[in-house]
Amino acid sequence: MAISQPVVMEQQLQRLVQWLEHWMPASGEPDWSALAFQWRKRRVLGTDQAQLVAVRRIANIDPEDLLGVDAQKAAILRNTEQFVRCLPANNVLLTGARGTGKSSLVRACLARFGDRGLRLIEVDKADLVDLPVIADRIAERPERFVVFCDDLSFEPSDASYKALKAALDGSIAAGASNLLIYATSNRRHLMPESMGENLAAQYDAEGDLHPAETAEEKVSLSERFGLWLSFRSFRQADYLEIVAHWLARFDLDGEAIAAARAEALQFALQRGSRSGRVATQFARDYAGRRGLTGS
């Protein structure tokens, strides 16, 4: 028996509704009881749909677990405490060697101040153009929000940095008073610098150097962050201290930690880095192997 045309159309309409419910953002407010959110965008029916999505499982880290960065840790925790107490505070740029705890420090702020109203919104670099939308979305909320952009850098052809410049300082519209921007980068000025920019510099009649305007454009972005925190590569002693700290966290005793010293150095040599990340990776590997052998 043939299916009537109205029945076919109804079935197709139901499938379309199911498809839209799956792909379109959920309507209504996000779950504001969450401590962290992600700004997610996807393209549906030729348009970009964006929403704040609550993060249920947060990769938190306690400030006490971050070693070798005491000065940077004290500075960002102080700035964040000013912020949660509704005192003047700065946007923060964390730059320097890889694996030294830049991103972990931002997450440590959430662990320290989450119960005092701090919230974290993770935003991808490509979505920085939405910062005004995000600011409007949270402007009336009582919580204090840090927009976090990890591993931030821009290529010369990437114009999206202009949206970040305006959000930091420069837009005619006032930013939300309950929002700060924390960003990490391996580049001090967030954009690559070339020898050609120096060659484009000129001397005036008195010998003063005038850098090329392209260099000024690059520096102006990083200068809009009120607090700069620089991270250097760890010394061997710092690296071994972090290894010992995490091995102790994995319930190894002092004798076992001392015995791991040579392997820890060899592990770092193979990786070509004595960073906090490498120290933690070694501690997991070493403690795991001991657990397998029962030693």
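Values in this document were obtained by computation on a predicted structure and should not be read as measured data.
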Assess whether a salt bridge exists between Glu29 and Arg141, defined as any Lys/Arg side-chain N lying under 4.0 Å from an Asp/Glu carboxylate O. no
From OH (Tyr182) to CG (Asn90), nearest 0.5 Å: 9.0 Å
Which label fits Phe145 and Trp32: parallel for a plane angle under 30°, tilted from 30 to 60°, or perpendicular past 60°? perpendicular
Output all residues satisfying salt bridge (Lys or Arg N to Asp or Glu O under 4.0 Å) with Arg235, sequence neighbours left out; order by chain, then residue number. Asp238
Are Asn178 and Glu143 packed together at the side-chain level, in the sense that at least one heavy-atom pair is separated by less than 4.5 angstrom? no
Do Arg271 and Arg277 make a side-chain contact, defined as non-hydrogen atoms from C-beta onward lying under 4.5 Å apart? no
Begin from the C-alpha positions of Arg284 and Trp246 and carry the test side-chain contact (heavy atoms from CB on, under 4.5 Å) through to its verdict. CA-CA 8 Å; Arg284 291 196 190 103; Trp246 284 106; over 6 Å; no
Tell me whether Val92 is reachable from Phe225 by hopping between hydrophobic residues (I, L, V, M, F, W, Y) whose side-chain heavy atoms are closer than 4.5 Å. no
NZ of Lys125 to CG of Asp150, rounded to nearest 0.5 Å, is 12.5 Å
Given side-chain contact (heavy atoms from CB on, under 4.5 Å), test Leu105 with Leu66 step by step and report yes or no. CA-CA 8 Å; Leu105 262 181; Leu66 296 172; 3.6 Å; yes
Could you work out, with salt bridge (Lys or Arg N to Asp or Glu O under 4.0 Å) as the rule, every residue matching Asp136, not counting sequence neighbours? none
Can you list everything that forms a ring-ring contact (aromatic ring centres under 6.0 Å, His included) with Phe231? Sequence neighbours excluded, please. none
Can you list the residues that meet the ring-ring contact (aromatic ring centres under 6.0 Å, His included) rule with Phe267, with sequence neighbours excluded? Phe282
Would a 4.5 Å heavy-atom cut-off, applied to side chains only, mark Cys109 and Val146 as touching? no
Rounded to the nearest 0.5 angstrom, the CZ-CG distance for Arg98 and Asp151 is 12.0 Å
Test of understanding: with side-chain hydrogen bond (donor to acceptor under 3.5 Å, both in side chains), list the residues that count as partners of Arg78, not counting sequence neighbours. Gln82
Sidechain-backbone polar pair: Gln72 side chain, Ser230 backbone, donor-acceptor under 3.5 Å: yes
Run through Ile121, Leu131, Ile138, Asn91 and flag the one making a side-chain contact (heavy atoms from CB on, under 4.5 Å) with Leu179. Ile138
What are the two closest non-hydrogen atoms of Pro30 and Arg137, and how far apart are they? CD-NH2, 3.3 Å
Minimum heavy-atom distance Ala256-Asp253, with the two atoms named: N-OD1, 2.8 Å
In this structure, are over 12 heavy atoms from other groups packed under 6.0 Å from Gln270 atom CD? yes
Would you sort out whether Leu128 and Cys149 count as a side-chain contact (heavy atoms from CB on, under 4.5 Å), showing the intermediate values? CA-CA 9 Å; Leu128 289 174; Cys149 189; 4.3 Å; yes
So, using salt bridge (Lys or Arg N to Asp or Glu O under 4.0 Å) as the criterion, who are the partners of Glu241 when residues are at least two apart? none
How close do Ala34 and Ala54 get, counting heavy atoms only, and between which atoms? CB-CB, 3.6 Å
In terms of hydrophobic clustering (I, L, V, M, F, W, Y; side-chain heavy atoms under 4.5 Å; direct or indirect links), are Leu35 and Phe83 co-clustered? yes
If you define the side chain from C-beta out and look only at heavy atoms, does anything of Ile257 sit under 4.5 Å from Val243? no
Out of curiosity, Lys102 NZ to Ile76 CD1, how far, rounded to the nearest 0.5 Å? 12.0 Å
Indicate, with yes or no, if Val53 and Val147 share a hydrophobic cluster defined by side-chain heavy-atom contacts under 4.5 Å among Ile, Leu, Val, Met, Phe, Trp and Tyr. no
Is any side-chain heavy atom of Thr80 closer than 4.5 Å to one of Arg112? no
Which heavy atom of Phe234 sits nearest to which heavy atom of Gly276, and what is that distance? CE1-N, 3.2 Å
I'd like to know if Leu120 and Leu152 are part of one continuous hydrophobic network [Ile/Leu/Val/Met/Phe/Trp/Tyr, side-chain heavy atoms within less than 4.5 Å]. no
If you count every heavy atom of other residues, nucleotides or ligands that lies below 6.0 Å from Arg116 atom CZ, does the total exceed 12? yes
Can you find a pair of side-chain heavy atoms, one from Phe148 and one from Leu110, that are under 4.5 Å apart? no
For residues Ser185 and Leu94, determine if any side-chain heavy atom of one lies less than 4.5 Å from a side-chain heavy atom of the other. no
Where do Trp39 and Ala50 come nearest, in terms of heavy atoms and distance? CZ2-CB, 3.4 Å
Minimum heavy-atom separation for Leu247 to Ala260, with atom names? CD1-CB, 3.8 Å
Nearest 0.5 Å, please: how far is OG1 in Thr100 from CZ in Arg274? 13.5 Å
Cys86/Arg144 under side-chain contact (heavy atoms from CB on, under 4.5 Å): CA gap, chis, key distance, verdict: CA-CA 8 Å; Cys86 299; Arg144 313 292 286 175; 3.9 Å; yes
Test of understanding: clusters of I, L, V, M, F, W, Y form through side-chain heavy atoms closer than 4.5 Å, transitively. Do Leu180 and Ile134 belong to the same one? no
Take Glu64 and Lys73, measure what salt bridge (charged side-chain N to carboxylate O under 4.0 Å, His left out) needs, and give me the verdict at the end. CA-CA 10 Å; Glu64 293 74 19; Lys73 178 166 60 177; over 6 Å; no
Taking atom OG1 of Thr95 and atom CG of Leu93, what is their separation to the nearest 0.5 Å? 5.5 Å
Crowded around Arg232 CZ? As in, over 12 foreign heavy atoms under 6.0 Å? yes
